[in-house]
A.B. asks: 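One structure is given below, represented as structure tokens, and several questions about it will come after.
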Amino acid sequence: MPSRVLSTIVVASALLGVLTAAPVVAEQVTSASVVRSDGTFSIDFSVRIDAPVADVSRLIGDIRNLALLSPSTQSSETLQPGEGINTGDRAWVHVVIRPCVLIFCKKLTKVSRVMPVSAGVTRYEAIAAHSNFESATEVLTLKASGSATELTYEARLVPAFFVPPVIGSWLVRRVIIAEISEAARRAEQQIKSRQDDV
């Protein structure tokens with residue numbers, strides 16, 4: 001995901017065998033919007049994950065799982081106070097991704113402060129000095145939808161690098177739909193595997 005669904009998925013992104021034998025299709029993505037304006041990418045999407053919200057929350061709550069779920073994520077870890085950077089008294093997440101749009105690929109780093117907002121809602125704020133973003137604000141929301149989970153991601157990203165004009169909202173949206181569909185498939189697979197092991 002160009003940016004952070006790109007991290008997060010995101011967070012992330014993020015963010016994110018299936019529970020059935022059928023492949024996951026884009027219809028799992030219930031909404032997806034990307035707007036590029038004055039150097040800012042506004043990204044909003046919702047995806048249905050065929051697993052209980054408690055299981056999804058446990059899976060994506062461990063940032064180390066992000067690299068297992070997101071095809072563009074190369075590494076993901078939690079930084080505790082005093083580890084590598086001055087994080088103050090809060091834990092931060094450190095994510096390295098390599099999103100590609102057409103032939104354009106770039107390795108990106110983002111370090112974000114984790115701020116729980118309420119039950120099922122988490123906000124991430126990037127620290128520019130340790131990220132490839134001038135600013136990055138992301139909100140991840142999980143809520144039950146019957147026996148499944150609706151994951152909603154909202155982000156406002158300002159890259160600190162040049163993004164070619166040819167990479168417009170339509171292309172980014174296509175990449176995001178493919179990425180989050182695959183992340184949802186992997187999440188379902190991981191949860192199903194863990195249930196089978198119990």
A.B. asks: Measuring from F133:CZ to L157:CG, what's the distance to the nearest 0.5 Å?
C.D. replies: 5.5 Å

A.B. asks: Roughly how far apart are K143 NZ and T152 OG1, rounded to 0.5 Å?
C.D. replies: 6.0 Å

A.B. asks: Hey, could you give me each pair passing side-chain hydrogen bond (donor to acceptor under 3.5 Å, both in side chains) that has a residue in residues 160-174? Not counting sequence neighbours.
C.D. replies: none

A.B. asks: Distance from L140 atom CG to Y153 atom OH, nearest 0.5 Å?
C.D. replies: 8.5 Å

A.B. asks: Apply side chain to side chain donor-acceptor pair (under 3.5 Å) to the pair S131 and T109, showing each step before the final yes or no.
C.D. replies: CA-CA 5 Å; S131 305; T109 295; over 6 Å; no

A.B. asks: Are V158 and F162 connected into the same hydrophobic cluster when the rule is that any two of I, L, V, M, F, W, Y join if their side-chain heavy atoms are below 4.5 Å apart?
C.D. replies: no

A.B. asks: Whether E188 and R185 form a salt bridge (side-chain N of Lys/Arg under 4.0 Å from carboxylate O of Asp/Glu) is what I want to check.
C.D. replies: no

A.B. asks: Tell me, with the steps shown, if E150 and T30 meet side-chain contact (heavy atoms from CB on, under 4.5 Å).
C.D. replies: CA-CA 9 Å; E150 187 79 11; T30 55; 2.7 Å; yes

A.B. asks: For the atom pair OG (S76) and CZ (R64), what is the distance rounded to the nearest 0.5 Å?
C.D. replies: 9.0 Å

A.B. asks: Kindly work out whether a path of hydrophobic side-chain contacts (I/L/V/M/F/W/Y, heavy atoms less than 4.5 Å apart) joins V96 to L66.
C.D. replies: no

A.B. asks: Sequence neighbours excluded and cut-off under 3.5 Å, please list the side-chain donor-acceptor pairs for residues 99-108, or say none.
C.D. replies:
none

A.B. asks: Supply the atom-to-atom distance F45 CZ to S33 OG, rounded to the nearest 0.5 angstrom.
C.D. replies: 12.0 Å

A.B. asks: Sort out for me which residue in V35, V139, D44 forms a side-chain contact (heavy atoms from CB on, under 4.5 Å) with R156.
C.D. replies: D44

A.B. asks: For R36 and P164, which heavy atoms make the closest approach, and how far apart are they?
C.D. replies: NH1-O, 3.1 Å

A.B. asks: Going only through I, L, V, M, F, W and Y residues with side-chain contacts under 4.5 Å, is there a path from V53 to L151?
C.D. replies: yes

A.B. asks: Would you check if the side chain of R123 reaches a backbone N or O of V114 as a donor-acceptor pair within less than 3.5 Å?
C.D. replies: no

A.B. asks: How many angstroms lie between atom CG of D50 and atom OG of S145, to the nearest 0.5 angstrom?
C.D. replies: 10.0 Å

A.B. asks: Judged by modelled atom types alone, do E125 and S112 share a side-chain donor-acceptor pair under 3.5 Å?
C.D. replies: no

A.B. asks: With E77, which residues qualify under salt bridge (charged side-chain N to carboxylate O under 4.0 Å, His left out), at least two apart?
C.D. replies: none

